[in-house]
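Since the structure comes first, as structure tokens, the remarks are kept for the end.
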Number of protein chains: 2
Amino acid sequence: MSLTYAILSALVGAPSSGYDLAKRFNPSVEGSVGFFWNASFQQIYRELNRLEEKEWLQAKSVQQENRPDKRIYSITPVGEQQLCQWISELEEMTPIKDELLVKLFVGHLVPRQTLLSKLENHRQQHQQRLAIYQQIKHQYFQEPQVLSEALKFQYMTLLRGIHHETGWLSWCDEIMPLLK
Amino acid sequence: MSLTYAILSALVGAPSSGYDLAKRFNPSVEGSVGFFWNASFQQIYRELNRLEEKEWLQAKSVQQENRPDKRIYSITPVGEQQLCQWISELEEMTPIKDELLVKLFVGHLVPRQTLLSKLENHRQQHQQRLAIYQQIKHQYFQEPQVLSEALKFQYMTLLRGIHHETGWLSWCDEIMPLLK
DNA sequence: ATTTTATATTCAATTTAGTGAATATTCTCA
DNA sequence: TGAGAATATTCACTAAATTGAATATAAAAT
């Protein structure tokens, strides 16, 4: 259900085409909803059509000369009202669901090197993702206390990404010695 | 696809009924797969039937006197082989998908107190979950260096849970002042 | 001139996940 | 004795996610 609201949220203050949205739903784009939600372009276009039909979004066709024409979606008052209501609802903690941990749980069934390689690989990926987040932090959020309201909230989600990645790194560092 | 393998993993060395499995797929049961995967009992029974049909699992009916009869599932050699092959495959980092962060991203649309209450609530839930994990750690994993191979891997997944919760707590502590 | 890449979107099919309702047995507690 | 809780499982429906294919325009690269 949340893709609905993730799209609505992404469009608040930033009307976008499906194509642009799809890019923003990718985790390595700055200031992006990709920090905390992701979806394929097919999912996004489908959801945009549903939301337009419900009139939570409205679309404006834009003729372009240098590229194919596109449709820019923006949130309607009804959509914003629905979004606000959803925000106010109670939500549960998101449970962990992670393939790597399933694999590790029965790690004794495979050679040690298999898992060690996986962990080294994951560690590196988390390190890279963290570097992206840190770069965004330094570029756009040098002085958090002077940010606009809207940006302050985006900064908080970025911080969540940073804590997420540092948590993975410290875990890797703690368990890799146990594996050797 | 991973529920398949999460179930296979859960049954390695611990044949169980659907009912017992369903309990183990709950995050607050010690030594449990619930640390890193969760599923409803309906999902689990359905998947057990599929896996029995594929002969990755076999079931043994057990008559009981004090309770309704049950079927105990255990992994077959084919199932274990499939599990090992899946473990060896490459997996991606699991992207974050979190409702609370979607809500926070557009937090400026609602009163501050709404989000502050949510954060306090989440902080408390993560704190409680962490306490459960710490308790399990102290009870079963006092001396990690002397654990059996199988238990050492389970310990690593428990540590992941601990890092996950501490990461959430430190994030809450960092952002809550920004919200006030 | 042709291929590739980027922009921009749609449709169909399948798989996986999630929810609600229902059934049956036995124990415990009032 | 009857209600409720715990054990044990199945069926049906709906929603969400995944995958593959397809179409079209225009720029850039070979």
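Nothing here was measured: the structure is a model prediction, and the numbers come from that model. So that the names make sense, note that chain A is the first sequence line, chain B the second, and so on, each numbered from 1.
- Remark: the backbone N or O of B:A59 is not paired with any side-chain donor or acceptor of B:S61 at under 3.5 angstrom.
- With sequence neighbours excluded, no residue forms a salt bridge (charged side-chain N to carboxylate O under 4.0 Å, His left out) with A:D69.
- Residues forming a side-chain hydrogen bond (donor to acceptor under 3.5 Å, both in side chains) with A:S170 (at least two apart in sequence, or on another chain): B:H163.
- Annotation: salt bridge (charged side-chain N to carboxylate O under 4.0 Å, His left out) contacts involving residues 38-49 of chain A, sequence neighbours excluded, comprise A:E47-A:R50.
- With rounding to whole Å, A:F41 atom CZ is found 13 Å from D:dT18 atom P.
- Proximity of the aromatic rings of B:F36 and A:F105 is defined here by a centroid distance below 6.0 angstrom, and this criterion is met.
- Nucleotide D:dT23 holds its C1' atom 15 Å from the OH atom of A:Y19, rounded to whole Å.
- Residues passing the salt bridge (charged side-chain N to carboxylate O under 4.0 Å, His left out) test with B:K152: none are found, sequence neighbours excluded.
- Taking the side chain as every heavy atom from C-beta outward, A:L57 and A:L48 approach each other to under 4.5 Å.
- Residues passing the salt bridge (charged side-chain N to carboxylate O under 4.0 Å, His left out) test with A:E149 are B:R112, sequence neighbours excluded.
- A search for side chain to side chain contact (heavy atoms under 4.5 Å, CB included) contacts involving A:Y5 returns A:M1, A:L8, A:W56, A:L83, A:W86, not counting sequence neighbours.
- Along DNA chain D, the nucleotide nearest to A:A39 and the one nearest to B:D20 differ in position, and the one closer to the 5' end is contacted by B:D20.
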Exercise for the section: Before giving the answer on side-chain contact (heavy atoms from CB on, under 4.5 Å), spell out for B:T157 and B:V33 the whole-Å C-alpha distance, their side-chain angles and the decisive distance to 0.1 Å. Expected result: CA-CA 9 Å; B:T157 65; B:V33 291; over 6 Å; no
Practice task
For each nucleotide in nucleotides 25-30 of chain D, reading 5' to 3', give B when a protein heavy atom comes within less than 4.0 Å of its base, S when such contact involves only the sugar-phosphate, and - otherwise.
Solution key: BSS---
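- Screening residues 153-180 of chain B for salt bridge (charged side-chain N to carboxylate O under 4.0 Å, His left out), with sequence neighbours left out, gives B:R123-B:D173.
- Residue contacts for A:S17: at a heavy-atom cut-off of 4.0 Å it reaches the sugar-phosphate backbone alone, with no base atom in range.
- Interface residues of residues 55-62 of chain A facing DNA chain D, ordered by number: none; criterion, heavy-atom separation under 4.0 Å.
- First and last contacting nucleotides of DNA chain C toward chain B (any atom under 4.0 angstrom from a heavy atom, 5' to 3' order): C:dT16 to C:dC27.
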Which protein N or O atoms sit under 3.5 Å from an N or O of nucleotides 12-17 of chain D?
residue: D:dA16; atom: OP1; partner: A:M1; partner atom: N; Å: 2.8
residue: D:dA17; atom: OP2; partner: A:Q43; partner atom: NE2; Å: 3.3

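- Rounded to the nearest 0.5 Å, atoms SG (A:C172) and CD (A:Q127) are 10.0 Å apart.
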Result block: side-chain N/O donor-acceptor pairs under 3.5 angstrom for residues 87-101 of chain B, not counting sequence neighbours:
residue: B:S88; atom: OG; partner: B:C84; partner atom: O; Å: 3.0
residue: B:E89; atom: OE2; partner: B:Q85; partner atom: NE2; Å: 3.4
residue: B:E91; atom: OE1; partner: A:K103; partner atom: NZ; Å: 2.7
residue: B:E91; atom: OE1; partner: A:K118; partner atom: NZ; Å: 2.8
residue: B:E91; atom: OE2; partner: A:H122; partner atom: NE2; Å: 2.7
residue: B:T94; atom: OG1; partner: A:D98; partner atom: OD2; Å: 2.8
residue: B:D98; atom: OD1; partner: B:L100; partner atom: N; Å: 3.0
residue: B:D98; atom: OD1; partner: B:L101; partner atom: N; Å: 3.4
residue: B:D98; atom: OD2; partner: A:T94; partner atom: OG1; Å: 2.8
residue: B:E99; atom: OE2; partner: A:S2; partner atom: OG; Å: 3.0

